[in-house]
Amino acid sequence: MRIGIGYDVHRLTEGRKLVIGGVEIPYEKGLLGHSDADVLIHAIMDALLGAAGLGDIGRHFPDTDPAYEGISSVRLLEHVGGLLEENRFLIENIDAVIIAQAPKMSPYIDRMRETIAEALGITVQQVNVKATTEEGLGFTGTGEGISSQAVCMLASPRELYSEDVLARGCEGCAGCPAQK
């Protein structure tokens with residue numbers, strides 16, 4: 001098993017849409033960033049990439065590359081899912097939190113979970129999203145920005161196979177150390 005952690009923060013600003021978890025949320029401000037600035041998906045991508053030992057989102061999607069300007073973070077998450085698949089990692093679960101004083105996230109959380117699960121080809125039950133405020137404290141509490149944290153657990157079929165072989169022993173492998 002491999003565990004990853006991700007964190008992201010973006011400043012709130014006028015004149016931008018607020019997109020969190022791939023869901024557009026009606027609000028007077030949006031998040032400032034090179035892409036759609038989806039803090040939740042960015043934190044999740046960093047957790048997944050970190051657990052797999054594949055770097056971070058800045059390495060894969062640099063904010064200096066015009067190809068990513070204004071791009072949907074859901075598309076980037078789909079790409080991360082493909083990288084995990086190429087490297088033979090299975091997502092066990094994702095647990096994430098959105099930290100924002102406003103707007104209220106609860107009406108949108110189920111859609112966020114569905115969007116994330118669909119982008120990664122996993123079940124909704126493998127994705128947990130929650131939200132909290134900071135009781136008026138810090139940059140999120142004063143409404144200057146929104147942040148998100150995520151953790152995930154990945155498994156590799158190689159790890160699962162190894163555990164299975166060790167538990168039951170090899171079958172017909174002459175000279176195998178597991179049979180001694």
[Y] side chain reached by [X] side chain, heavy atoms, under 4.5 Å:
X      : Y      : result
Ile25  : Val19  : no
Met45  : His60  : no
Leu18  : Pro103 : yes
Ser35  : His42  : yes
Ile146 : Arg11  : no
Leu40  : Ile116 : yes
Leu31  : Val39  : yes
Ile99  : Gln149 : yes

Check the pair Asp95, Val127 against side-chain contact (heavy atoms from CB on, under 4.5 Å), reporting the backbone distance first and the verdict last.
CA-CA 6 Å; Asp95 187 27; Val127 180; over 6 Å; no
Under a plain distance cut-off of 3.5 Å, with no hydrogens placed, do [Y] and [X] share a side-chain donor-acceptor pair?
X      : Y      : result
Ser148 : Asp8   : no
Glu118 : Thr115 : no
Thr140 : Gln101 : no

Under 3.5 Å, sequence neighbours excluded: what are the donor-acceptor pairs made by side chains of residues 77-86?
none

Say you draw a straight line from [atom1] of [X] to [atom2] of [Y]; how long is it, rounded to the nearest 0.5 Å?
X      : Y      : atom1 : atom2 : value
Asp46  : Ile41  : CG    : CD1   : 12.5 Å
His34  : Phe61  : NE2   : CZ    : 12.0 Å
Lys29  : Glu144 : NZ    : CD    : 9.0 Å
Lys130 : Ile98  : NZ    : CD1   : 10.0 Å
Ile57  : Leu54  : CD1   : CG    : 13.5 Å
Leu120 : Leu48  : CG    : CG    : 6.0 Å

Could you see if [X] belongs to whatever hydrophobic cluster contains [Y]? Use Ile, Leu, Val, Met, Phe, Trp, Tyr and a side-chain cutoff under 4.5 Å.
X      : Y      : value
Val97  : Met105 : no
Ile20  : Phe139 : no
Ile109 : Ile44  : yes

Donor-acceptor pair, side chain of Gln126 and main chain of Ile91, under 3.5 angstrom
yes
Which is it for Asp36 and Arg16 under the salt bridge (charged side-chain N to carboxylate O under 4.0 Å, His left out) test, yes or no, and what are the steps along the way?
CA-CA 9 Å; Asp36 63 5; Arg16 297 238 340 168; over 6 Å; no
On a heavy-atom basis, the closest approach of Gly6 and Ala47 is N-CB, 3.6 Å
Quick check: closest heavy atoms across Arg111 and Glu24, and the distance to 0.1 Å?
NH2-O, 4.1 Å
Hey, is NZ on Lys104 packed in by over 12 heavy atoms from elsewhere, all under 6.0 Å?
no
Only distances under 3.5 Å count here; give the side-chain donor-acceptor pairs of residues 62-72 to other protein atoms, sequence neighbours excluded, each with its distance to 0.1 Å.
from  : atom 1 : to    : atom 2 : distance (Å)
Asp65 : OD1    : Ala67 : N      : 2.8
Ser72 : OG     : Val74 : N      : 3.2

Start with the C-alpha gap between Glu92 and Leu154, add the side-chain angles, then the distance that decides, and say whether side-chain contact (heavy atoms from CB on, under 4.5 Å) holds.
CA-CA 5 Å; Glu92 290 289 332; Leu154 301 181; over 6 Å; no
